[in-house]
Amino acid sequence: MINKPSRSVASISCISFFIFVLTGTVYSGSTFKAYYVSKDGKKYSSTATLAMTDIIVEIPKQKGILCFKKYSGFFPEWKTVVGKWMIDPLENSTDFFAVYPVNEIVSMARIIKSSEKEILIHCRYAKSSIDVIEDYYLITSDGEVVRSNKRSEEKIASWLDSNNIIRQEMTLTEKGIKEAKIHFPELKSNFSKVKGSRMVLDTIIEPKMWWKFDEARGDMTLEAINRYQAHILGHKSVWRKGLSLTSLQFDGRSTQVIMPAAKVPVFTTEFSVEGCFAMASYPSSLIPIIQQVDEQAGIHNSKIEKRGFFLGVNDSGQPAFGCNIEGNWEQLIGDEAIPLRQWAHLAGTFNASKGLMVLYLDGKTIKQKSVSQSQIFMSGDNLKIGHAGRRYVRKQGLSSVTGHVLDGLIDAIRLYDKTLTPKQVKISYKSFRGARDQINNPDIETRKKPLVPTDDKFSASYTRLHYFEGWDNQFRLGTHSDIVINFKNSNNRIVFWHGRSYRPFFVDGSNEWWDRAMKFIKINETSLVSDDCHIDSQLGNVRIVEQTESRIVIQAIMPKTLYPLGEKTWGESFRQSKFVRINYVISQNETVERISHLYQNGT
């Protein structure tokens, strides 16, 4: 929506320049340009250390300025000597801003490109990794504006859809804004089907529940016995080649498959559970392949409380099986960790008449335990596959990365109301063995460090650094999320990456990463992410404030929670080096502003 003028004054003719008064500061000029200003209207200067929050675009041909100001949520305001007009959120975004008011940490405006003919401004509004709206304004020196609006979407495929862009065209004139047209495209719903391996249909006895994960596409998976279609929750439903046709990839953060408790059979004196899975990284607490336990009890590092059953792995990658037998939680833990990036077949059985629990790995008995000859206490909560349903904290106190969702593949889960014998478990395992190269090479994406682009000149550029799909899918970011600084005659670069909370890191010519004290940093290629990678980095922003032949200035604003007080000095060798100077401002609203000055003579 474009508002009516909020004030009007007589037109004033200008021959070679125009003057506008904005927040007490006079702006004048005859050049089409864009620049940063502070909240009090002061232009950026070489000595500035306070936040440059706002952007001014001067359009002399139309005798006006387009202002992107924090107080108005960075929605642009067009000002001329005749009046001023706001460009408001598009109709599809009104609910978003009603629920999530503008937050100065997550909302920002950036100058992406500025030339004599065109200026590109990027505005971003975010509440969480999926509650995101982005606006791009392409402005010409003639006052023509094309606004590209990307809508908040729960699924990453919808966010990345080329049709997820509302296009609004308008013309800025001395007397106001002329809106030409607006385009509302429809999102695509095409899913490509994944090619699987041979199908396994053999069963020793008829299961009570069976998840095959053979859909190969889409956001639904079928429990084959009861014909229940479950939604696959999370950023993206990723299908991979499995041991039997296809498998479902769990991303370590968001993927969820839930079966209502009412659909789950009640086991009393005996039951068996089995499943095939391959881990890309070890979790930070007990993670189920499948479980039905009391949600309020939760899962801890060594124990599951209250009613239900569990089959999965612990934080060391050791297989685990447990169930509540007449009020007591009984659990078996294997001695050896299951290797990463390798298919495994896990099974657990309980028989009340024998008073025996048994844990199997790849068809072999690895643990067994004599227990009470009593019945199972089933949980009344939902059954969950691949996720525990709660978020946990690492032992060392760091925020958990894989604390509640498996990072890997799951295929062919079965539940029985009978106790499988050791022979039956072995036969079932052999039916899924397939080729040896398939067991040792599950269809898990190779994880490589973000590849940082190079340039042969001293420059700063916006880019998007990719890690791997499971990690990237959690962010709703555009193509200008990160900043790379290149130096002339050098392969060394400095990177401001969203995956590391926009802390500056050195990257050498071999694409190895080094921290502020020039200490080597390993971005783990076998685990999900390193401990330094923060999901909360979505709540910050980074901008190129200045770029000349001799100096580049980068401004990063982040929540204070990501910067312990001990990190303020950054290590003197880094902070006081001849080509990097870093200043901090801790604001009253619990944010940290970091301004980094980088110089060409540091090569």
Side-chain angles (χ1 to χ4, degrees), residues 197-198 200-213 242-244 247 267 270-280 282-283 286-291 302 304 309-323 325 330-371 376 385-386 406 408-442 444:
S197 57
R198 67 176 181 85
V200 176
L201 291 175
D202 298 334
T203 59
I204 303 303
I205 59 176
E206 181 72 14
K208 286 295 182 179
M209 304 188 82
W210 186 357
W211 291 267
K212 299 180 180 180
F213 298 112
L243 291 176
S244 173
S247 61
F267 305 116
E270 60 180 320
F271 85 104
S272 301
V273 55
E274 66 173 341
C276 301
F277 68 105
M279 292 180 289
Y282 292 127
L286 279 166
I287 290 297
I289 306 307
I290 181 172
Q291 73 167 28
S302 61
I304 304 177
F309 70 91
F310 171 94
L311 181 72
V313 294
N314 67 7
D315 55 352
S316 298
Q318 298 162 306
F321 170 57
C323 59
I325 302 174
E330 302 289 354
Q331 185 165 281
L332 299 173
I333 301 290
D335 295 328
E336 302 294 331
I338 299 173
L340 294 176
R341 307 181 75 86
Q342 178 174 306
W343 279 106
H345 177 271
L346 199 60
T349 66
F350 165 72
N351 187 288
S353 63
K354 296 181 179 180
L356 184 65
M357 289 175 59
V358 184
L359 175 61
Y360 301 86
L361 176 63
D362 292 341
K364 298 178 181 179
T365 300
I366 59 172
K367 285 284 181 177
Q368 61 182 19
K369 182 180 185 180
S370 295
V371 294
I376 303 168
I385 295 175
L406 180 79
L409 310 178
I410 295 181
D411 194 5
I413 294 178
R414 295 169 180 163
L415 273 172
Y416 305 87
D417 62 354
K418 303 293 182 182
T419 305
L420 295 180
T421 66
K423 182 178 180 180
Q424 289 174 325
V425 172
K426 189 172 185 178
I427 293 173
S428 183
Y429 158 66
K430 286 184 175 180
S431 69
F432 286 104
R433 283 185 60 182
R436 176 53 54 183
D437 60 346
Q438 182 181 352
I439 295 292
N440 295 329
N441 294 282
I444 297 175

>> Walk me through whether Phe271 and Phe309 qualify under ring pair (Phe, Tyr, Trp, His ring centres under 6.0 Å).
In response: CA-CA 10 Å; Phe271 85 104; Phe309 70 91; 5.4 Å; yes
>> Show, in sequence, the C-alpha distance, side-chain angles and deciding distance for Phe267 and Leu415, and conclude whether the side-chain contact (heavy atoms from CB on, under 4.5 Å) test is met.
In response: CA-CA 10 Å; Phe267 305 116; Leu415 273 172; 4.2 Å; yes
>> For a side-chain contact (heavy atoms from CB on, under 4.5 Å) check, start with the C-alpha distance between Leu340 and Ile444, then their side-chain angles and the critical distance, and finish with the verdict.
In response: CA-CA 10 Å; Leu340 294 176; Ile444 297 175; over 6 Å; no
>> Ile205 vs Arg414, test: side-chain contact (heavy atoms from CB on, under 4.5 Å). Steps then yes/no.
In response: CA-CA 11 Å; Ile205 59 176; Arg414 295 169 180 163; over 6 Å; no
>> For Ile413 and Phe277: C-alpha separation, side-chain torsions, deciding distance, then whether side-chain contact (heavy atoms from CB on, under 4.5 Å) applies.
In response: CA-CA 9 Å; Ile413 294 178; Phe277 68 105; over 6 Å; no
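Within 6.0 Å of NZ on Lys369 lie more than 12 heavy atoms contributed by other residues, nucleotides or ligands.
How far CD of Glu270 is from OG1 of Thr419: 4.0 Å, rounded to the nearest 0.5 Å. Rounded to the nearest 0.5 Å, atoms CD1 (Ile290) and CD1 (Ile385) are 5.0 Å apart. Within the model, atoms NE2 of His345 and CG of Leu243 stand 9.5 Å from one another, a figure rounded to the nearest 0.5 Å. How far CG of Leu359 is from CD1 of Ile366: 4.0 Å, rounded to the nearest 0.5 Å. Atom CZ of Arg341 and atom CG of Asn440 lie 12.0 Å apart (nearest 0.5 Å). Rounded to the nearest 0.5 Å, atoms CE (Met357) and CZ (Phe350) are 8.0 Å apart.
Side-chain polar atoms of Ser247 and Asp411 form no donor-acceptor pair below 3.5 angstrom. Side-chain contact annotation: Tyr429 with Glu274, donor-acceptor N/O pair under 3.5 Å absent.
Side-chain contact check for Cys276 versus Trp343: some heavy-atom pair is nearer than 4.5 Å. At least one side-chain heavy atom of Ile410 sits under 4.5 Å from a side-chain heavy atom of Phe213. Looking at Tyr360 and Thr349, their side chains come closer than 4.5 Å, going by heavy atoms from C-beta outward. Between Thr365 and Lys367 there is no side-chain heavy-atom pair separated by less than 4.5 Å. In this structure the side chain of Ser428 never reaches within 4.5 angstrom of the side chain of Leu420, judged on heavy atoms. You'll find the side chain of Ile333 stays beyond 4.5 Å of the side chain of Pro319, heavy atoms only. Two residues are said to be in side-chain contact when any heavy atoms from C-beta on lie closer than 4.5 Å; Ile338 and Met279 meet this criterion. The side-chain heavy atoms of Ser272 and Lys418, taken from C-beta on, include no pair separated by under 4.5 Å.
Leu346 and Gly312 get closest at one heavy-atom pair: CD2-O, 3.4 Å. Smallest separation of non-hydrogen atoms from Tyr282 and Ala337: OH-CB, 3.9 Å. Listed here is the closest heavy atom pair of Leu361 and Ala344: CD1-CB, 4.1 Å. Scanning both residues, Pro442 and Leu409, for their nearest heavy atoms gives CB-CD1, 4.1 Å.
Looking at Gln438, its side chain does come within 3.5 Å of a backbone N or O of Gly242 through a donor-acceptor pair. Using modelled atom types, no side-chain atom of Gln342 and backbone atom of Pro339 make a donor-acceptor pair closer than 3.5 Å.
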